[in-house]
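Here's the structure we're looking at; comments come further down.
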Amino acid sequence: MTDTEPQAVQVSKTPDGITTITLNRPHRRNAIDGPTARKLTEAVIAFEDDPEQKVCVIYGANGTFCAGFDLHELAKYNTGSVDDYRGAIVNPEHHVDGRNIGPIGPSRMQIKKPVISAVSGHAVAGGLELSLIGDMRVAEEDAIFGVFCRRFGVPLIDGGTVRLQAIVGLGRALDMILTGRGVSAQEALQMGLANRVVPKGQALAEATKIARQLLTFPQGCMNVDRASCYYSAYSASSFEDALRNEFENGVKVITTESIAGAAKFSGGAGRHGAFASSSL
């Protein structure tokens, strides 16, 4: 199939290790069709596989994060040749199988390194689900989150019912999922869906600023703590299992990073909560 939108997903990398993945389909408010889902997935895997890239920022160009599925394409499903269908993957036989591609792309992945979602405009339906892939969300003051697909009978099949409740709690998640109502940036901040609210046009800059801060920390320790959080939230069979996983993986960085860090502290670095020069 000919790629008619080669710029639908744009990737940039900085020498210090920040990958920015940008959705760029302004004619569809960055809604995701099949080819775009594949490009997103490929971009995320490339980020994971590049040892020089440490933090990823996911962003939507032209004032919108993502409007979810490209419903114009979904409307064509079962109306013609499968070869001509360019919409999201909705074949019932496309089962979850580890980290395989989801309808909007990388939604079935627990990404291996930190991800920040920079949200401008609308992050709705599958776009909300895409934003939840991030470890945190930086929202512009006029951003809107919502399960807008509620109006059209399109279900959450990219992790929305799984991740949203883990982030904001079951009650708030069900409010959003059942009513489909829009949630403002300030309400999102109050419920823990957004981690920062910034002026319009500043989400990408703030997300990049946070990413740059993360680069200054010892990476092994930061990533093992991050992985432990996700294991505890989604995979642990019990409190004891979560604690066991935390200890057995965390203790491995004591010799690789913690002793050197303790020596820096003993030498006078980081006193009184100072964060300057945190890297080892």
Side-chain angles (χ1 to χ4, degrees), residues 9 21 23 30-34 36-45 47-48 56-60 65-71 74 87-119 122-139 143-150 152-180 182-183 188 191-195 226-236:
V9 174
I21 299 174
L23 275 171
N30 292 335
I32 297 172
D33 62 359
T36 305
R38 287 188 285 275
K39 290 172 186 172
L40 272 175
T41 303
E42 290 165 0
V44 168
I45 292 173
F47 161 68
E48 285 190 327
C56 179
V57 175
I58 298 178
Y59 176 66
F65 182 74
C66 175
F69 281 4
D70 186 337
L71 296 184
L74 182 61
I89 302 170
V90 292
N91 184 336
E93 299 303 313
H94 187 72
H95 303 295
V96 175
D97 184 12
R99 289 157 49 88
N100 66 331
I101 187 172
I104 61 166
S107 57
R108 296 177 177 176
M109 301 170 63
Q110 200 65 265
I111 300 172
K112 298 176 182 178
K113 293 181 281 190
V115 179
I116 304 169
S117 298
V119 179
H122 285 75
V124 296
L128 169 65
E129 294 178 290
L130 181 64
S131 79
L132 300 178
I133 292 172
D135 302 307
M136 58 184 81
R137 280 146 296 284
V138 176
I144 298 292
F145 299 86
V147 185
F148 283 14
C149 51
R150 178 60 55 234
F152 304 112
V154 179
L156 297 171
I157 55 176
D158 277 290
T161 67
V162 180
R163 290 188 172 99
L164 185 60
Q165 64 168 311
I167 292 168
V168 304
L170 181 60
R172 289 190 174 103
L174 283 171
D175 178 3
M176 292 182 67
I177 290 168
L178 294 178
T179 69
V183 170
M191 67 169 62
L193 178 55
N195 301 85
R226 174 183 180 271
S228 181
C229 284
Y230 280 116
Y231 183 88
S232 179
Y234 296 120
S235 302

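Hydrogens, waters and symmetry mates are skipped; everything else that's a heavy atom, side chains included, is used.
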Arg150 vs Leu178, side chain to side chain contact (heavy atoms under 4.5 Å, CB included): CA-CA, chis, key distance, verdict
CA-CA 7 Å; Arg150 178 60 55 234; Leu178 294 178; 5.6 Å; no
Can you find a pair of side-chain heavy atoms, one from Ile21 and one from Leu40, that are under 4.5 Å apart?
yes
Between Glu129 and Ile157 the two heavy atoms that sit nearest each other are OE2-N, 3.5 Å
Rounded to the nearest 0.5 Å, how far apart are CD1 of Ile89 and CD1 of Ile101?
4.0 Å
Apply side chain to side chain contact (heavy atoms under 4.5 Å, CB included) to Val183 and Arg172, showing your working.
CA-CA 11 Å; Val183 170; Arg172 289 190 174 103; over 6 Å; no
Which distance, rounded to the nearest 0.5 Å, do you find between the CD1 of Ile133 and the CE of Met109?
8.5 Å
Could you check if a side-chain atom of Cys56 sits within less than 4.5 angstrom of a side-chain atom of Ile111, using non-hydrogen atoms only?
no
Counting distance only, does the side-chain N/O of Asn30 pair as donor-acceptor with the main-chain N or O of Ala123 below 3.5 Å?
no
Closest non-hydrogen atoms of Pro114 and Asp135, given as atom of the first, atom of the second and distance, are CA-OD2, 3.1 Å
Between Gln165 (side chain) and Thr161 (backbone), is there a donor-acceptor pair under 3.5 Å?
yes
Please name the pair of heavy atoms, one in Arg137 and one in Leu193, separated by the smallest distance, quoted to 0.1 Å.
NE-O, 2.6 Å
Using side-chain heavy atoms (C-beta onward) and a distance below 4.5 Å, is Ser131 in contact with Phe145?
yes
Could you tell me whether the side chain of Arg108 and the main chain of Gly98 form a donor-acceptor pair under 3.5 Å?
no
Closest heavy-atom contact between Leu156 and Val147?
CD2-CG1, 3.9 Å
Nearest heavy-atom contact between Ile32 and Ala37 is CG2-N, 3.6 Å
Output the distance between atom CG (Asp70) and atom CD1 (Ile104), rounded to the nearest 0.5 Å.
13.0 Å
Let me confirm one number: the CG-CG distance from Leu164 to Leu170, rounded to the nearest 0.5 Å.
9.5 Å
Donor-acceptor pair, distance only, cut-off 3.5 Å: does the side chain of His94 make one with the backbone of Pro103?
no
CZ on Arg163 to CG on Leu128, rounded to 0.5 Å:
11.0 Å
Spell out, as yes or no, whether a donor-acceptor pair under 3.5 Å connects the side chain of Asp158 to the backbone of Ser107.
no
Heavy-atom pair of closest approach, residues Leu23 and Phe65
CD1-O, 3.8 Å
